[in-house]
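Some notes on the structure that comes next.
From a predicted model like this one, the values you see are computed outputs, not experimental measurements.
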Amino acid sequence: MNILFYFVITVHVIVCLFLIGVVLVQQGRSADLAGAFGGQGSQTAFGPRAAANVLTRLTTVSAIIFMITSLSLTVLYMRGQHTRSVLSGTTSAPASAPASAPAKPAK
């Protein structure tokens, strides 16, 4: 189970770095001078809704893989943690300790 967990972590980190790189390489929808003044994208032949290119497809695929590995890491981590609890290492107060009474007001 540990080998699978570490494999998914490795794939997750690689996909994270790839996704960051692909998003940073892409050009914005209106990245030219006309986009700054509210004009339509002048670099595309069919307007801003051109066909999806390779970078947008890579972004979509890597985002899907990122989500799948995130959910897989959560499931694998929770299956490996059966007996651990937040309070497992703490000690409780002894039952024989008397409860302290509130202070009496001065007269």
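- A 4.5 Å side-chain heavy-atom check between M67 and L71 finds every atom pair outside the cut-off.
- Cluster partners of I20 are L24, counting Ile, Leu, Val, Met, Phe, Trp and Tyr whose side-chain heavy atoms approach within less than 4.5 Å, directly or via other members.
- Side-chain atoms of N2 do not come within 3.5 Å of backbone N or O of F5 as any donor-acceptor pair.
- If you take OG1 on T59 and CD1 on I64, they are separated by 11.0 Å, rounding to the nearest 0.5 Å.
- Under a hydrophobic-cluster definition in which Ile, Leu, Val, Met, Phe, Trp and Tyr are linked whenever side-chain heavy atoms come within less than 4.5 Å, directly or via other members, L76 and M78 are assigned to the same cluster.
- The minimum heavy-atom distance between L19 and S62, with the atom names listed, is CD1-OG, 3.0 Å.
- The CG atom of L73 sits 12.0 Å away from the CD1 atom of I68 when rounded to the nearest 0.5 Å.
- Checked against side chain to side chain contact (heavy atoms under 4.5 Å, CB included), T69 has the following partners two or more places apart in sequence or in another chain: V8, V11, H12, I65.
- Applying the side-chain hydrogen bond (donor to acceptor under 3.5 Å, both in side chains) test to S72 and every residue at least two apart in sequence or in another chain returns nothing.
- Side-chain heavy atoms closer than 4.5 Å link hydrophobic residues (I, L, V, M, F, W, Y) into clusters, and following such links, possibly through other members, connects V61 to F66.
- Residue pairs meeting the side chain to side chain donor-acceptor pair (under 3.5 Å) criterion with at least one member in residues 15-25: none, sequence neighbours excluded.
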